[in-house]
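What follows is a single structure, written as structure tokens, with notes after it.
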Amino acid sequence: MAEQEGGNGSQKSSSLSPYEEALEALSSLITRRTRADGSNMGNHFDLLFEYLKMLDLEDQIANMKIIHVAGTKGKGSTCTFSESILRNCGFHTGLFTSPHLIDVRERFRLDGMEICEQKFLAYFWWCYDRLKGKTDDNIPMPTYFRFLALLAFKIFAAEQVDVAIMEVGLGGKYDATNVVQAPIVCGITSLGYDHMEILGNTLREIAGEKAGIFKNRIPAFTVPQPDEAMHVLEEKASQLNILLFNCLTVRDPQLLLPCLMKTCADHGVYFKKALFVPSLSVYNKVGSQALTLTESKVDLSWQFTLQRVWENLMQGNKGKSIDIVSEELKKDMEMSASNCEHSAVFPSLPMAIKWLRDRVQQNQSVRFQVLVTGSLHLVGDVLKLVKK
């Protein structure tokens, strides 16, 4: 069959229409290998960020308002309803869903209408040819769905939509849509058993994969879920939140700590662990000279009182996400003076900071959010210590 050089630099068959040529090129990206097949370099999630660089999409995605939705049942409907509501409120919308029924262009909608053939071809070949020219044996062409997700980001960026609604294809944590680092909101629809050969054999494992779209400080919503799944979603949503606290004995912890807990909970923040340290500053002079404390001689009776109040409060919230303790927070607690399920007392602030640093060094994927409160002296001491 005769071939001719296309205007975009790709080899095209002369007997096919321009749209058929694009579909033929797209079909070449289909593979029978699954994400679980480690022999397929194209399945490595980190490669997606290389593709974004090739397509100059990093900054554009970072500046895009994106709603990200995962789930087992109803995620497509949720995305469609969200798009319709926003469009009828006057927003210029982009919607990416899967799969399509008849035409692949159904996956890409601008203001509720599937993208026209002319625009699809322009954006398709722009992405395809650029990736084809920059990929190699080490960074191969993206697979079918990953290419479509990249194409969606390109379309929505170029069309300057006010908001893009992105439906996860499979799972969440390693889905191609999860290159979004700062969506405006995330959603998890009803969860059940699906793609178990990839996502896991239990609801807990599946929920963990879906919750992989959660991002630090980004609101997340869900619907009533089976307890096994809900506990995981709640754990992931509040994971890594640490309270580092002290206050003077003139303060009433029975009044102070419940208000602190409620205020944080109202903003979706639940603490995995509260660390209580002495109120003595580790600095006794103006300047950088530190006071050397003998930890064994420090009176920790007030910190034990704070700990008892906190533990009682946490016991009163049983059944919520805060009663799930990450395994990372149970390790190497021998340096603490008193370790309970939800809290620990450390003889000094440096020891508490050291424990946090050790946790991160042992597991580079762990990120802690630490709320330091109760004393301005404590805040100042923390700022000095973390600079060391």
Could you check if a side-chain atom of [X] sits within less than 4.5 angstrom of a side-chain atom of [Y], using non-hydrogen atoms only?
X    : Y    : answer
R146 : L48  : yes
L260 : L371 : yes
R107 : F145 : yes
T93  : V161 : no
V69  : M166 : no
L300 : P278 : yes
F276 : W310 : yes
C79  : S82  : no

Worksheet item: Taking only residues two or more places apart in sequence or in another chain, which ones pass ring-ring contact (aromatic ring centres under 6.0 Å, His included) with F124?
Response: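 For F124 the ring-ring contact (aromatic ring centres under 6.0 Å, His included) partners, ignoring immediate neighbours, are F120, Y128, F147.
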Worksheet item: Sequence neighbours excluded, which residues qualify as ring-ring contact (aromatic ring centres under 6.0 Å, His included) partners of F49?
Response: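 Per chain and number, F49 pairs via ring-ring contact (aromatic ring centres under 6.0 Å, His included) with F45.
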Do [X] and [Y] share a hydrophobic cluster (ILVMFWY, side-chain heavy atoms under 4.5 Å, transitive)?
X    : Y    : value
I165 : F81  : no
F91  : L95  : yes
V185 : F156 : no
L110 : M113 : no
L255 : M261 : no

For residues [X] and [Y], report the shortest heavy-atom separation together with the two atoms involved.
X    : Y    : value
A211 : L233 : CB-CD2, 3.8 Å
Y51  : P140 : OH-O, 2.6 Å
I184 : V163 : CD1-CG2, 4.3 Å
D136 : N138 : OD1-N, 2.9 Å
I353 : L385 : CG1-CD1, 4.1 Å
I188 : K210 : CD1-O, 3.4 Å

[X] side chain to [Y] main-chain N or O, any donor-acceptor pair under 3.5 Å?
X    : Y    : result
H342 : L313 : no
E106 : D103 : yes
S84  : T80  : no
E117 : Y19  : no
E20  : S17  : yes
D175 : G169 : yes
Q181 : V179 : yes
S375 : N246 : no
N339 : A344 : no
S28  : A25  : yes

Worksheet item: Using the ring of each side chain (for Trp, its six-membered ring), is W355 parallel, tilted or perpendicular to F346, with breaks at 30° and 60°?
Response: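 Aromatic pair W355/F346 classed tilted.
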Worksheet item: Is E114 salt-bridged to R105, going by a charged N under 4.0 Å from an acidic O?
Response: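 Salt bridge present between E114 and R105.
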When the side chains of residues 59-68 are checked against the rest of the protein, which donor-acceptor pairs come out under 3.5 Å, sequence neighbours left out?
unit_1	atom_1	unit_2	atom_2	d
Q60	NE2	D56	O	2.8
N63	ND2	D59	O	3.1
H68	NE2	T177	OG1	2.8

Worksheet entry | Distance-only polar pair, side chains of Y174 and D46, donor-acceptor under 3.5 Å |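 No, D46 and Y174 have no side-chain donor paired with an acceptor closer than 3.5 Å.
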Atom pair [atom1]/[atom2] of [X] and [Y] - distance to nearest 0.5 Å:
X    : Y    : atom1 : atom2 : answer
L191 : T189 : CG    : OG1   : 6.5 Å
R130 : K134 : CZ    : NZ    : 5.0 Å
E234 : Q225 : CD    : CD    : 10.0 Å

Practice prompt. Go through the steps to decide whether L257 and F245 satisfy the test side-chain contact (heavy atoms from CB on, under 4.5 Å), and finish with yes or no.
Written response: CA-CA 10 Å; L257 291 176; F245 185 88; 3.9 Å; yes
Item to complete: Give the other cluster members for I102, using side-chain heavy-atom distances under 4.5 Å between Ile, Leu, Val, Met, Phe, Trp and Tyr residues; answer none if it is isolated.
Response: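 Other cluster members: L101.
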Worksheet item: So which pairs with a foot in residues 78-98 pass salt bridge (Lys or Arg N to Asp or Glu O under 4.0 Å), sequence neighbours left out?
Response: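 Salt bridge (Lys or Arg N to Asp or Glu O under 4.0 Å) check on residues 78-98 returns E83-R87.
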Item to complete: Could you list all the salt bridge (Lys or Arg N to Asp or Glu O under 4.0 Å) pairs where at least one residue sits in residues 305-315, not counting sequence neighbours?
Response: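 The answer is none; no pair qualifies.
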